[in-house]
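When a ligand or atom number is given, it counts from 1 through the structure's own listing order.
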Amino acid sequence: MSISEFEIIERYFRQVRPLRNDVVLGIGDDAALLQVPSGYQLVVAVDTLVADRHFPQHIDAFDIGYKSLAVNLSDLAAMGASPAWATLALTLPEADEQWLKAFAEGFFQLATQYRVDLVGGDTTRGSLSITVQLGGLVETGKALRRDTACPGQKLFVTGTPGEAAYALKQFKSGARVDPNLLRRLNRPEPRVDFGLALAGTGASVIDISDGLLADLGHIVCASHCGATLWVDRLPRSRALRAMPFEEVLACQLQGGDDYELCFALDADKAGRVREIAEQQQLLLTEIGVTETQPGIRCQHDDGSIHHPRGRGFEHFLSENND
Ligand code: ADP
Ligand code: MG
């Protein structure tokens, strides 16, 4: 590499001015030293993005930097946690300074927006791969978990799921990709503020990374209940309404990468939560109910049952190893 590992860190990843005063030691020592306030629990998530698996190798490095943090922010949002500290393990085929500059800009745009400090990492050479770990804080006992849903609750989803998957479908088929949809694939908006507002409501929450059906499946499995999903009520953006209904529905149910939140909530808390969504100008849609019968039933408004083909994204299934 024409530029050393040390120079990469100094030039692109050490922040001039850290944002947080709970970082006792950030980049530069053997490990970071972070102060967790009393009365709070530490929430930690990690996600890896591998080139040509999670993103095409040659897309804009800004988007890669942005998304590597966005997916982790989404995980913390789904826990009701306030994001705080990130570490970054970066494996690069070469030290391309233009790439590093754009990557760091994308990463720090979101980091700054959510007051996250980059407190350490590791830099190695190899096939392009980015791992971000994110730590955050939640008041003790207020975290939002997958295993707390019970029968008779309302199911909600934020935003308009299916858009990222539809963009990917267009991209893979070589068709023109609708720029509005592409933006949702490359720059997902983690629902951090809404997750924070849900903290303490007892909602059972998940972020949709592998598809609504698969991820709602995790809630009902962990909570030992089931659900009916009203497929005709899934919210569709203008861009999605222009596409064939069946294709859109498949993307909405089985397409990943949306990073919207799906949750089950007691009916008596729904009004308050709707108000919060409105204040945040976030679309919130009631999409079904939880039930005692295990599994998920996809129901049309006329009562007929929709049987989706295939399933959500799963790395080790042979059908995804293309
Ligand atoms: P060590 O050999 O002790 O593991 P390194 O030489 O790997 O330390 O890293 C030196 C310092 O730079 C450490 O504080 C580490 O956390 C930080 N660091 C390394 N790579 C990155 C990166 N890509 N982003 C942010 N910090 C990094
Ligand atoms: Mg190291």
Element-labelled atoms of ligand 1 that are located less than 4.0 Å from some non-hydrogen atom of [X]:
X    : result
E5   : 6 (O), 7 (O)
G28  : 11 (C), 13 (C), 14 (O)
G120 : 16 (O), 24 (N), 25 (C), 26 (N), 27 (C)

Between [X] and [Y], is any side-chain donor less than 3.5 angstrom from a side-chain acceptor?
X    : Y    : answer
Y166 : Q252 : no
T91  : S129 : no
D178 : Q170 : no

Handout entry: Test of proximity, F13 against ligand 1: N or O pairs below 3.5 Å
Key = no
Completion exercise
Value for CZ (F62) from CZ (F108), rounded to nearest 0.5 Å, stands at 12.0 Å
Fill in the blank from the handout: Value for CG (L282) from CZ (R274), rounded to nearest 0.5 Å, stands at 13.0 Å
Practice task
Report the part of I9 in contact with ligand 1, treating N, CA, C, O as backbone and CB onward as side chain, heavy atoms under 4.0 Å; options are side chain, backbone, both, neither.
Solution key: side chain
Handout entry: L134 vs V116, side chain to side chain contact (heavy atoms under 4.5 Å, CB included): CA-CA, chis, key distance, verdict
Key = CA-CA 9 Å; L134 184 62; V116 168; 3.8 Å; yes
Exercise for the section: For R14 and ligand 1, answer yes if some heavy atom of the residue is under 4.0 Å from a ligand atom, otherwise no. Expected result: no
Practice task
Between D29, L88, I27, flag the one that comes closest to atom 13 (C) of ligand 1 by a heavy atom.
Solution key: D29
